[in-house]
Trainee: 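Pasting in a structure now, in structure tokens, and then I'll have a few things to ask.
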Protein chains: 2
Amino acid sequence: MPKYKDIARKLIRKIDSDDMKQGDKLASIEELMKYFDVGKNTIIQVLTLLERQGYIYQVRGSGNFVRKHRRHGYINLLEANGFKSTLQGFRLGSEMLDLKVIKPTTEVMANLDIPEDEDVYYVKRLRSIEGRKFAIEKSFYVKDIVPYLNQEIVEDSIFRYLIEDLKLKPGFTDHFFRVGKLNKENAELLNLKIGDPTAFLESIYYLENGRPFDYSKILYHYEEAQFFIQGASNTEF
Amino acid sequence: MPKYKDIARKLIRKIDSDDMKQGDKLASIEELMKYFDVGKNTIIQVLTLLERQGYIYQVRGSGNFVRKHRRHGYINLLEANGFKSTLQGFRLGSEMLDLKVIKPTTEVMANLDIPEDEDVYYVKRLRSIEGRKFAIEKSFYVKDIVPYLNQEIVEDSIFRYLIEDLKLKPGFTDHFFRVGKLNKENAELLNLKIGDPTAFLESIYYLENGRPFDYSKILYHYEEAQFFIQGASNTEF
DNA sequence: CGGAATTTGTGCGTATGTATT
DNA sequence: GAATACATACGCACAAATTCC
């Protein structure tokens with residue numbers, strides 16, 4: 001592991017600990033250089049990374065300060081897998097409703113950028129949080145990249161399987177978000193009424209090399225799901 | 001303007017042009033160094049910035065490739081001001097419903113991190129797109145930072161006024177997102193029915209120095225609003 | 001298939017500019 | 001105005017991944 005990632009992890013652990021709160025000042029670049037025994041560039045690289053991940057904000061001439069969001073139970077849409085760290089501490093469940101290999105629809109072809117004869121895994125899951133119905137998820141995986149799935153994997157964590165077992169490297173993601181009304185089928189699955197609100201999230205996950213491998217459509221229970229998005233410093237363009 | 005920002009803008013113009021599409025390869029770092037007559041670090045800095053902004057993805061040993069989303073009419077939640085570039089080309093309107101200086105509620109105090117006796121501007125606007133009702137926005141500005149607002153400013157663009165006239169420098173942003181049902185008052189404003197779905201977005205805008213200056217709550221018309229969020233490469237943590 | 005060439009990634013040292021304290 | 005701290009930028013060396021032959 002490169003030095004800057006190692007240092008970043010250590011600083012993140014420090015920031016996440018109870019020692020630090022919003023607005024606290026980090027050690028100066030000079031001090032961090034000495035402490036970790038690395039060059040200035042490396043520290044700058046670390047701080048740039050932390051800023052981009054939303055852990056700190058940088059103020060020129062002044063210092064680097066902790067950024068700590070104070071709301072819990074929100075899904076952080078900027079983390080690789082939609083159901084991660086911000087929901088830590090909650091009991092999550094996954095019930096498999098369907099799992100099969102199919103040929104892609106036009107919609108799936110377009111979003112995964114594949115031809116019509118390419119096989120895809122179709123997975124439908126009912127997700128729960130603390131035992132309550134939380135979301136209906138329909139996912140499509142390019143079989144060429146994800147050659148095998150079974151019930152055990154699907155009810156545990158597909159992403160963990162992809163990363164740890166298949167050694168895939170997810171890169172970036174596109175999320176598309178809308179609000180709508182539930183139809184009969186989905187309302188019944190979520191124990192809601194027809195016409196009740198729902199958050200509809202479409203996500204396309206790409207590997208590091210830019211190839212899309214997962215297209216997912218999620219309908220959230222409107223009373224259970226809430227989302228969090230951190231915008232970094234843009235300055236123009 | 002620093003070299004890396006200047007180069008970034010030029011590359012973004014190039015990428016946004018019709019010449020380039022998703023997956024196209026940029027010139028190599030070596031070539032960019034020669035073309036712009038700068039050092040390698042500067043080019044790397046440019047590419048890191050473009051990657052973070054979602055314009056490109058980087059593949060080690062291979063090259064840098066254009067990332068171009070193909071959906072229009074979506075609001076990009078990662079851009080400083082919620083109603084920017086992705087809605088370019090649409091006719092946007094702002095009708096002022098209320099504008100006054102008030103003392104903060106507990107909620108506003110907490111989100112803007114101010115004491116109870118600090119004055120805030122309260123602005124309520126009805127926003128439209130292509131003449132259709134689009135969203136109801138209630139915003140709170142710290143008067144100490146934004147000392148003056150009037151109807152003209154509020155019905156044009158508050159952010160443009162803050163940046164260009166007040167010379168404020170917005171830094172980062174926190175967005176919180178939920179789905180809910182409309183009450184009578186808001187349903188009437190949006191020409192919808194009581195109980196219809198709505199997207200509810202709370203945003204806190206901070207200056208570069210980390211001080212919050214704007215807390216906004218927006219209720220979107222569920223048939224008009226759709227959102228776009230680009231996740232960058234995270235790789236672990 | 002293997003090795004060479006290409007391309008990007010990490011890291012050091014240094015100098016100078018700019019904003020804050 | 002001086003001291004401190006972060007920002008930009010150059011040049012160099014070597015590592016790691018991909019691509020080409």
Side-chain angles (χ1 to χ4, degrees), chain A residues 1-11 23-52 55-67 167-172 207-211 232-236, chain B residues 1-11 23-52 55-67 167-172 207-211 232-236:
Chain A
M1 163 153 356
K3 291 185 188 181
Y4 80 96
K5 275 194 187 179
D6 183 53
I7 296 171
R9 289 168 78 139
K10 285 172 179 160
L11 286 180
D24 278 359
K25 194 167 182 291
L26 265 60
S28 74
I29 293 179
E30 198 68 33
E31 290 168 323
L32 292 170
M33 282 171 64
K34 283 176 187 156
Y35 181 77
F36 289 108
D37 191 29
V38 295
K40 181 171 178 177
N41 290 3
T42 304
I43 295 296
I44 298 263
Q45 201 177 1
V46 169
L47 296 174
T48 303
L49 181 60
L50 293 192
E51 195 232 1
R52 160 169 132 182
Y55 287 100
I56 62 166
Y57 58 92
Q58 304 174 274
V59 183
R60 183 173 188 157
S62 176
N64 294 279
F65 301 87
V66 170
R67 190 173 162 191
K167 308 294 181 195
L168 292 181
K169 293 179 184 173
F172 51 96
L207 295 177
E208 267 189 345
N209 66 12
R211 187 155 172 217
S233 313
N234 285 338
T235 45
E236 318 144 58
Chain B
M1 161 152 358
K3 290 186 186 180
Y4 82 95
K5 276 194 186 177
D6 183 53
I7 296 172
R9 290 169 77 140
K10 285 172 179 160
L11 286 179
D24 278 359
K25 195 165 181 290
L26 264 62
S28 74
I29 292 180
E30 198 69 35
E31 290 169 322
L32 292 170
M33 282 170 64
K34 283 176 188 155
Y35 182 77
F36 289 108
D37 191 30
V38 294
K40 182 173 177 178
N41 291 4
T42 304
I43 296 296
I44 299 260
Q45 200 178 1
V46 170
L47 296 173
T48 303
L49 180 61
L50 293 192
E51 195 231 3
R52 156 169 137 183
Y55 287 101
I56 62 167
Y57 58 93
Q58 303 173 272
V59 183
R60 183 175 186 155
S62 178
N64 295 279
F65 302 87
V66 170
R67 190 174 163 193
K167 307 295 181 196
L168 292 180
K169 294 180 182 172
F172 50 95
L207 295 178
E208 266 187 349
N209 66 11
R211 188 156 172 217
S233 312
N234 284 340
T235 42
E236 318 145 56

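The structure displayed is predicted, hence computed values, not measured ones. Values below: all heavy atoms of this structure, side chains included; hydrogens, waters and symmetry mates excluded. Chain letters run A, B, ... following the sequence lines, proteins first and then strands; every chain starts at 1.
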Trainee: Provide the closest heavy-atom pair for Asn209(B) versus Val59(A) in the form atom of the first, atom of the second, distance.
Mentor: CA-CG2, 3.8 Å

Trainee: Contact class for Gly61(B) (heavy atom, under 4.0 Å): base, sugar-phosphate, or nothing?
Mentor: base

Trainee: Take Val59(B) and Val38(A), find for each the nucleotide of DNA chain C with the closest heavy atom, and name the residue whose nucleotide sits nearer the 5' end.
Mentor: Val59(B)

Trainee: Of the nucleotides dT10(C), dT18(D), dT14(C), which one has an atom closest to the side chain of Ser62(B)?
Mentor: dT18(D)

Trainee: In whole angstrom, what separates Lys34(A)'s NZ from dC12(C)'s C1'?
Mentor: 17 Å

Trainee: What integer distance in Å separates Asn209(B):CG from dA5(D):C1'?
Mentor: 16 Å

Trainee: Got a second to check how far Thr48(A)'s OG1 is from Tyr4(A)'s OH, nearest 0.5 Å?
Mentor: 10.5 Å

Trainee: Whole-Å distance between dC12(C) P and Ile43(A) CD1?
Mentor: 9 Å

Trainee: Can you give me the bend angle of the helix from dG2(C)-dC21(D) to dT21(C)-dA2(D)? Use the axis through the first five pairs and the one through the last five, nearest 10 degrees.
Mentor: 20°

Trainee: Rounding to an integer number of Å, can you tell me how far Lys5(B) NZ sits from dT18(C) P?
Mentor: 13 Å

Trainee: Can you tell me the distance, in whole Å, between the CD atom of Glu30(A) and the P atom of dA5(D)?
Mentor: 8 Å

Trainee: So if I apply the side chain to side chain contact (heavy atoms under 4.5 Å, CB included) rule between Ile43(A) and each of Leu11(A), Asn64(A), Leu32(A), which one comes out positive?
Mentor: Leu32(A)

Trainee: Can a donor-acceptor pair under 3.5 Å be found between the side-chain atoms of Lys40(A) and the base atoms of dG11(C)?
Mentor: no

Trainee: Without decimals, in angstroms, what is the distance between Lys3(B) NZ and dT18(C) P?
Mentor: 13 Å

Trainee: Rounded to whole Å, how long is the line connecting atom CD of Glu208(B) with atom P of dA19(C)?
Mentor: 10 Å

Trainee: In Å, rounded to the nearest 0.5 Å, how long is the span from CZ of Arg211(B) to OH of Tyr57(A)?
Mentor: 11.5 Å

Trainee: Select one nucleotide: of dG11(C), dT8(D), dA9(D), the one nearest the side-chain heavy atoms of Ile44(A).
Mentor: dT8(D)

Trainee: Between Leu49(A) and Ala8(A), what is the shortest heavy-atom contact and its length?
Mentor: CD2-CB, 4.1 Å

Trainee: Could you check which of dG9(C), dC6(D), dG11(C) has an atom nearest any side-chain atom of Gln58(B)?
Mentor: dG9(C)

Trainee: Hey, which sits more toward the 5' end of DNA chain C by its nearest nucleotide, Asn41(A) or Lys25(B)?
Mentor: Lys25(B)

Trainee: Distance check, rounded to the nearest 0.5 Å: Ile44(B) atom CD1 versus Glu51(B) atom CD?
Mentor: 11.5 Å

Trainee: Between dT8(C) atom P and Phe65(B) atom CZ, what is the distance in whole Å?
Mentor: 8 Å

Trainee: How is Asn64(B) classified with respect to the nucleic acid when contacts are heavy atoms under 4.0 Å: base, sugar-phosphate, or nothing?
Mentor: sugar-phosphate

Trainee: Quick one: closest heavy-atom pair of Met1(A) and Asp6(A), and the distance?
Mentor: SD-N, 3.7 Å

Trainee: Phosphate oxygens OP1/OP2 of dT6(C): is one of them under 4.0 Å from a side-chain N or O of Ser28(B)?
Mentor: no

